[in-house]
2 protein chains.
Amino acid sequence: MYEPLFAYLEQRFPLSDDDKAEIAAVVTHRTLKKGEFLLREGDAARVGAFVAKGFLRSYVIDNKGKEHIIQFAPENWWVSDKSGMNPDTTASFFIDAIEDSEVLLMDLTGHLTLMDKVPGYAKSFQAGIQKRATAKDTRIINSLTATAEERYDDFIKTYPSITARVPQHMLASYLGITPETLSRIRKLQSRKR
Amino acid sequence: MYEPLFAYLEQRFPLSDDDKAEIAAVVTHRTLKKGEFLLREGDAARVGAFVAKGFLRSYVIDNKGKEHIIQFAPENWWVSDKSGMNPDTTASFFIDAIEDSEVLLMDLTGHLTLMDKVPGYAKSFQAGIQKRATAKDTRIINSLTATAEERYDDFIKTYPSITARVPQHMLASYLGITPETLSRIRKLQSRKR
DNA sequence: CGCCGGCATTGATCTATATCAAGATCGAAA
DNA sequence: TTTCGATCTTGATATAGATCAATGCCGGCG
C-alpha cells in the first residue's frame with residue numbers, strides 16, 4: 001500500500017526499514033472514486049496528499065462562480081493542501097478525483113515527525129518546495145505574457161502525459177481560457193501539422 | 001550593518017549573540033546605486049538577498065524582448081535568486097535597484113550553515129517559503145481570472161506602500177498590462193471616487 | 001535658466017479571446 | 001440498444017486590452 005510512496009522517496013534519498021515504518025505510521029490511506037472530494041477531515045492541519053494511484057486535481061471557485069484549476073496531480077505527485085491560504089479569500093478551495101484514486105495523506109504532525117526522524121526527508125522536501133516555486137514563477141510569467149495558443153503548446157510540451165488524460169474543458173480551465181477557445185486552437189493546429 | 005537582518009529574524013525567532021556572529025559570518029554586504037544590477041558573482045550559488053535598505057526588483061525579459069517584473073522588494077524583503085530556474089528557458093533573469101540600496105547576500109553554503117547551526121532558522125525559512133508559495137498561487141489565479149482593473153485594485157490594497165514608490169510603468173509590467181491601460185484605469189477610478 | 005529625455009496621458013484603431021447560441025458527438029446507465 | 005446528459009465543435013457577435021501615434025509634462029543636467 002505504501003510502496004509507491006517509498007519508491008518515490010527512494011529516488012530522492014535512501015530509506016531504511018525503520019524509516020519506512022516511521023513513514024507508514026504517520027500517513028493515512030484513502031480511496032477515492034472518480035468525482036469524489038478529498039475533504040479536510042477533523043481539524044488536523046494537512047500538509048498534502050501523495051497520489052499513489054489515479055489522478056486528482058485541485059481548484060478554486062472564484063466569486064463569479066467560475067472554476068479555476070490550480071494543479072493536476074497524477075500518480076507520484078503531491079497535491080498540496082491550501083495550508084496557509086489566506087482565510088479571508090472568498091474563493092473556496094477543492095480537491096477531487098478525476099479518476100478512481102488512492103492517496104496517502106500526511107498531516108502537519110506527521111510531517112514534522114519525518115522532518116525530525118527521517119534523514120534526507122527534510123532536504124528532499126526542501127528541494128521539492130523550491131522546484132515547485134520555480135514552476136509557479138514560470139506559470140505566472142506565462143499567464144501574463146503568452147497567448148492562449150502559446151500556453152497550450154507549452155503545456156502539452158511540458159506535461160504530455162497529463163494532456164492525454166484530462167478532459168479538454170479542464171485543461172482549458174487550467175490554462176485560463178474558455179473551452180471554445182481551446183477547441184478552436186486545436187482545430188487550427190490539426191490543420192497545420 | 002547587519003541590524004536590519006537581525007531585527008527581521010528576531011521577529012521570527014530568538015537570536016543569541018552567537019547566532020548573530022554566525023549570520024554575520026556567512027552574509028555579504030553590497031551597496032547598489034539606483035539602476036545598478038545585482039549580478040551573480042563568482043560561481044557561488046546564491047540563495048537570495050535581503051534588502052536592508054532601498055528597493056529592488058527582479059524581472060525577466062521574454063523572447064519577444066518584453067520585460068516582466070516578477071517581484072518588488074523593499075526593505076526587509078528577500079529577493080530570491082533564480083536558483084533552480086530552468087536553465088534552458090531562454091528568458092533572462094535580472095535583479096536591479098529601483099532606489100539606492102543596501103543588500104545582504106546569502107549563498108547556498110551560508111544558508112546550509114545557518115540551517116544547521118542557528119536554531120529556529122530552518123523552521124522560519126520553511127514558513128517563509130510556504131507563505132510565498134501561497135502568494136504565488138493567488139497571483140496565478142488572479143492573472144488568469146481577474147480583469148486588469150481588479151488586479152490593480154488588488155495590488156494597491158495588498159501592497160499600498162509599494163504602489164507609492166514604484167513608477168507606473170513598472171507596476172503595469174508587474175500586473176501584466178500596458179502602461180496605457182494602467183493610465184486609463186487610474187483615470188476612470190479618480191473620476192469615480 | 002532653459003533644454004532634453006524619459007514618463008504619463010489621451011485618442012484611434014485592431015485583435016485575441018469571451019460570450020451567446022445551436023448543433024453534433026460520445027459514453028455510460030437503464 | 002436506446003437514451004440522456006455531458007462534452008466538444010462551430011458560428012456570430014461583443015469587448016477588454018494591445019498597439020500605434022501624438023502630445024503634454026516634469027525633473028535633472030548643461
Side-chain angles (χ1 to χ4, degrees), chain A residues 33-36 55 57 59 61-69 72 96-100 141-156 162-193, chain B residues 33-36 55 57 59 61-69 72 96-100 141-156 162-193:
Chain A
K33 285 204 304 217
K34 180 176 174 172
E36 205 174 340
F55 202 153
R57 87 222 235 240
Y59 62 98
I61 295 187
D62 69 24
N63 40 30
K64 294 168 200 149
K66 277 198 173 173
E67 210 175 282
H68 301 280
I69 295 185
F72 291 118
D96 69 9
I98 296 180
E99 306 173 0
D100 292 353
I141 296 306
N142 227 14
S143 64
L144 292 175
T145 319
T147 65
E149 182 167 16
E150 287 166 339
R151 273 178 276 153
Y152 172 67
D153 289 344
D154 224 72
F155 187 90
I156 56 181
I162 293 186
T163 313
R165 271 168 94 175
V166 152
Q168 234 168 271
H169 70 278
M170 286 192 191
L171 183 42
S173 158
Y174 179 93
L175 295 174
I177 60 182
T178 58
E180 292 96 324
T181 297
L182 182 52
S183 172
R184 288 186 242 266
I185 287 171
R186 288 168 59 99
K187 190 186 174 192
L188 280 181
Q189 294 199 346
S190 69
R191 235 187 282 158
K192 264 186 266 177
R193 301 183 177 163
Chain B
K33 284 205 302 217
K34 179 174 174 176
E36 205 175 340
F55 203 153
R57 88 224 235 240
Y59 62 97
I61 295 188
D62 69 23
N63 41 31
K64 294 169 200 146
K66 276 198 174 173
E67 208 175 282
H68 300 281
I69 293 184
F72 291 117
D96 68 9
I98 296 180
E99 306 173 0
D100 291 352
I141 296 308
N142 229 13
S143 64
L144 292 175
T145 321
T147 64
E149 181 166 17
E150 287 165 337
R151 272 179 275 152
Y152 173 67
D153 288 344
D154 225 71
F155 187 90
I156 56 180
I162 293 186
T163 313
R165 270 169 92 177
V166 152
Q168 234 169 269
H169 71 277
M170 285 191 190
L171 182 42
S173 159
Y174 180 93
L175 295 173
I177 61 182
T178 58
E180 290 96 323
T181 297
L182 182 53
S183 172
R184 288 186 243 266
I185 288 171
R186 288 168 60 99
K187 188 185 172 188
L188 280 180
Q189 294 198 345
S190 69
R191 235 187 281 154
K192 265 185 262 175
R193 298 183 179 162

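Fair warning: this is a prediction, and the values are worked out from it, not measured in the lab. In the text below, chain A, chain B and the rest are named by the order of the sequence lines, each starting its count at 1.
Judged by distance alone, with hydrogens and angles left aside, the side-chain atoms of B/D100 form a donor-acceptor pair with the main-chain N or O of B/K34 at under 3.5 Å.
Distance, A/R184 CZ to C/dC20 P: 14 Å, rounded to whole Å. Taking atom CD on B/Q189 and atom P on C/dA8, their separation rounds to 16 Å, with Å as the unit. Nucleotide C/dT9 holds its P atom 8 Å from the CG atom of B/L182, rounded to whole Å. Remark: P of C/dA18 and NE2 of A/H68 are 11 Å apart, rounded to the nearest angstrom. Here C/dA16 presents its C1' atom at 10 Å from CD1 of A/I185, a figure rounded to the nearest Å.
At C/dT9, none of the side-chain N or O atoms of B/K187 fall inside 4.0 Å of OP1 or OP2 (strictly under the cut-off). Proximity of A/K34 to the phosphate of C/dA28: no side-chain N or O atom is located under 4.0 Å from OP1 or OP2.
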Checking side chain to side chain contact (heavy atoms under 4.5 Å, CB included) for the pair A/T145/B/K66: CA distance, chi angles, key distance, verdict? CA-CA 9 Å; A/T145 319; B/K66 276 198 174 173; 5.8 Å; no

Test A/E149 against A/L188 for side chain to side chain contact (heavy atoms under 4.5 Å, CB included), laying out the working first. CA-CA 10 Å; A/E149 182 167 16; A/L188 280 181; 5.6 Å; no

Trace of the side chain to side chain contact (heavy atoms under 4.5 Å, CB included) decision for A/I98 with A/F72: CA-CA 9 Å; A/I98 296 180; A/F72 291 118; 4.1 Å; yes

A/Y59 and A/H68: side chain to side chain contact (heavy atoms under 4.5 Å, CB included), yes or no, with the steps? CA-CA 5 Å; A/Y59 62 98; A/H68 301 280; 5.8 Å; no

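A nucleotide of DNA chain D counts as in contact with chain A when one of its atoms lies under 4.0 Å from a heavy atom; the first and last such, 5' to 3', are D/dT7 to D/dA12.
Across residues 167-181 of chain A, A/P167, A/Q168, A/H169, A/E180 each have a non-hydrogen atom less than 4.0 Å from an atom of DNA chain D (numbered order).
Minimum heavy-atom separation, A/I69 to A/S173: N-OG, 3.0 Å. Across all their heavy atoms, B/L144 and A/G176 have their closest contact at CD2-CA, 3.9 Å.
The salt bridge (Lys or Arg N to Asp or Glu O under 4.0 Å) contacts involving residues 162-173 of chain A comprise A/E75-A/R165, A/E99-A/R165, where partners must be two or more places apart or lie in separate chains.
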